[in-house]
Colleague: 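First, the structure itself, so that you have it in front of you.
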Amino acid sequence: MLLYKTEVPCSVCSRNPLAVVAVFSALFLFMMSCSPSKTEIKNQDGHFVQSETLSASSNSVPVQAASVTAKSASIREESLSPQEEKLTKLLGGTELPFSDAKGEAHSLAQNILEHKKAFLADLEAVLAADTENLLIRVDKSVYLDENYVPDALVSLTPETANAGSYVIHRADLALRAPVEKELSRMAKAAREAGVTLVVSSSYRPYSYQKKVYERNVAQMGKEAADRESARPGASQHQLGTVIDFGSITDEYAQTPAGKWLYENAGKYGWSLSFPDGYEYITGYRWECWHYRYVGPLAVRFQEKWFNNIQQYMIEFIHAWKNS
């Protein structure tokens with residue numbers, strides 16, 4: 001440390017040498033009080049950093065430490081992509097985009113957040129593959145307009161049924177053209193296994209569903225009807241991508257066709273909409289005959305990330321697209 005040169009008259013030195021010492025001591029103390037001192041503090045990573053503070057001020061700010069903290073926060077923010085930030089916002093709070101009535105939604109969300117990159121890669125693939133808009137949400141909370149009619153509806157006739165290796169239960173059935181094609185592909189595989197698939201119900205317009213629901217209310221009462229059938233506008237059948245197979249009874253689950261569908265439908269892109277034990281999630285009791293075509297990639301997606309529950313997946317995708 002350099003000391004300032006101070007000239008002291010020789011007469012003073014000769015008469016009072018202690019005065020010289022007093023002058024230099026005072027000068028030294030003054031310079032020390034104004035010089036910066038270094039203090040060791042810990043940053044958020046647990047490492048010690050040197051922080052310069054002004055010892056003359058009791059309200060000094062650790063400038064270097066603040067800089068390190070801001071830099072660490074910036075690095076954490078930069079480590080998340082916009083998609084990852086969106087996912088974290090959607091699943092990181094108390095309000096989830098899918099129902100927790102079964103008590104498993106938060107564990108599903110946590111698993112997804114712990115594997116963000118893998119989940120987002122799968123999600124991107126599913127959405128890119130959905131060129132036919134097959135993943136529309138419709139349920140007791142989200143209704144279709146009464147004028148909604150799906151694209152490319154085709155009638156199921158004896159000719160199409162024969163060509164597709166399935167059987168039609170009545171003459172007024174219809175599906176979207178790409179879905180009929182996938183029905184044929186699955187039905188041919190079932191036929192090779194010795195099973196014949198019978199199509200009992202398919203596309204229903206809003207007006208038809210209104211009649212079905214009103215008839216059920218008249219026959220069994222409103223509360224029971226709401227467990228059995230959808231109100232007009234809330235039916236998946238209006239999408240033109242859904243089939244009720246066989247007898248449309250619980251006993252269908254024990255038939256060869258019912259068992260084959262349960263084991264194999266997912267391979268061909270068909271998903272059971274209302275599984276057993278999930279009425280509080282789907283809004284409807286178990287329907288072993290009701291399958292919706294969502295595509296093979298979407299079925300694998302719901303199996304991998306949503307406990308193989310279609311409703312969870314559809315609710316999430318709806319929230320993702322609208323957030």
Colleague: Look only at the side chain of Arg191 and the backbone of Thr196, and say whether a donor-acceptor pair between them is shorter than 3.5 Å.
Modeller: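 Absent.
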Colleague: How far does OG1 of Thr157 sit from CG of Asn162, to the nearest 0.5 angstrom?
Modeller: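 The CG atom of Asn162 is 9.5 Å from OG1 of Thr157, to the nearest 0.5 Å.
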Colleague: Is there a side-chain contact (heavy atoms from CB on, under 4.5 Å) between Phe316 and Leu90? Walk through the geometry before answering.
Modeller: CA-CA 9 Å; Phe316 173 83; Leu90 197 59; 3.7 Å; yes
Colleague: How about NZ on Lys86, more than 12 heavy atoms from neighbouring residues, nucleotides or ligands closer than 6.0 Å, or not?
Modeller: yes
Colleague: Between Asp244 and Arg204, is there a salt bridge with N-O shorter than 4.0 Å?
Modeller: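 The answer is yes: the pair qualifies as a salt bridge.
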Colleague: Indicate, with yes or no, if Phe301 and Phe98 share a hydrophobic cluster defined by side-chain heavy-atom contacts under 4.5 Å among Ile, Leu, Val, Met, Phe, Trp and Tyr.
Modeller: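 In one cluster with Phe98: Phe301, yes.
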Colleague: According to a 4.5 Å side-chain heavy-atom criterion applied to Ile, Leu, Val, Met, Phe, Trp and Tyr, with indirect links allowed, do Val167 and Leu156 form part of one hydrophobic cluster?
Modeller: no
Colleague: Between Asn308 and Gln302, do the side chains contain a donor N or O and an acceptor N or O under 3.5 Å apart?
Modeller: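 Judged by distance alone, the side chains do pair up.
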Colleague: Hey, is Asp250 close enough to Arg285 for a salt bridge, meaning N to O under 4.0 Å?
Modeller: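 Yes.
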Colleague: So Leu197 and Met186, do their side chains get closer than 4.5 Å, heavy atoms only?
Modeller: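 With C-beta onward as the side chain, the pair touches.
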Colleague: If you apply the rule side-chain contact (heavy atoms from CB on, under 4.5 Å), what do you find for Glu85 with Thr88, and how did you get there?
Modeller: CA-CA 5 Å; Glu85 289 182 355; Thr88 300; 5.7 Å; no
Colleague: Could you check whether Asp122 pairs with Arg300 (Lys NZ or Arg NE/NH1/NH2 to Asp/Glu carboxylate O, under 4.0 Å)?
Modeller: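 Salt bridge: no.
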Colleague: Side-chain polar contacts of residues 147-155 - donor-acceptor pairs under 3.5 angstrom, sequence neighbours left out - could you list them?
Modeller:
unit_1 : atom_1 : unit_2 : atom_2 : d
Asn147 : ND2    : Asp145 : OD2    : 3.4

Colleague: Testing Val198, Val179, Leu183 for side-chain contact (heavy atoms from CB on, under 4.5 Å) with Ile243, which one passes?
Modeller: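 Going through the options one by one, the only one that passes is Leu183.
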Colleague: Any side-chain hydrogen bond (donor to acceptor under 3.5 Å, both in side chains) involving residues 312-323? Give me the pairs, sequence neighbours left out, ordered by first then second residue.
Modeller: Glu104-Tyr312, Gln311-Glu315
Colleague: Testing Gln236, Lys140, Arg227 one by one against Tyr284 for a side-chain contact (heavy atoms from CB on, under 4.5 Å), which residue passes?
Modeller: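 Only one option passes, and that is Lys140.
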Colleague: Could you measure the distance from the CD1 atom of Ile112 to the CG atom of Leu91? Nearest 0.5 Å is fine.
Modeller: 5.5 Å
Colleague: When you compare the side chain of Val217 with that of Asp226, does any pair of heavy atoms fall below 4.5 Å?
Modeller: no
Colleague: If Ile, Leu, Val, Met, Phe, Trp and Tyr residues are connected whenever their side-chain heavy atoms lie under 4.5 Å apart, and connections chain through other members, are Val242 and Tyr213 in the same group?
Modeller: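 Hydrophobic grouping puts Val242 apart from Tyr213.
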Colleague: Applying ring pair (Phe, Tyr, Trp, His ring centres under 6.0 Å), name anything that partners His290, two or more places apart in sequence or on another chain.
Modeller: His237, Phe274
Colleague: Report yes or no: do Val294 and Tyr203 belong to one cluster of Ile/Leu/Val/Met/Phe/Trp/Tyr joined by side chain heavy-atom distances under 4.5 Å?
Modeller: no
Colleague: Would Glu146 and Lys210 pass as an ion pair if we require N to O under 4.0 Å?
Modeller: no
Colleague: Answer yes if Val299 and Phe119 sit in the same cluster of Ile, Leu, Val, Met, Phe, Trp and Tyr residues linked by side chain heavy atoms under 4.5 Å apart, and no otherwise.
Modeller: yes
Colleague: Please assess Leu297 against Asp130 for the test side-chain contact (heavy atoms from CB on, under 4.5 Å), listing each intermediate value before the final yes or no.
Modeller: CA-CA 9 Å; Leu297 204 59; Asp130 186 27; over 6 Å; no
Colleague: Is the closest basic N to carboxylate O distance between Glu182 and Arg185 below 4.0 Å?
Modeller: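 Between Arg185 and Glu182 there is a salt bridge, with a charged N closer than 4.0 Å to a carboxylate O.
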Colleague: Once rounded to the nearest 0.5 Å, what's the spacing between atom OH of Tyr280 and atom OG of Ser99?
Modeller: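 Interatomic distance, Tyr280 OH to Ser99 OG, rounded to 0.5 Å: 11.5 Å.
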Colleague: Could you check whether Glu180 and Tyr166, counting side-chain N and O atoms only, form a donor-acceptor pair closer than 3.5 Å?
Modeller: yes
Colleague: May I ask you to check if Lys102 and Tyr278 form a cation-pi contact, with NZ or CZ under 6.0 angstrom from the six-membered ring centre and within 45° of the axis?
Modeller: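 Yes, Lys102 sits over the ring of Tyr278.
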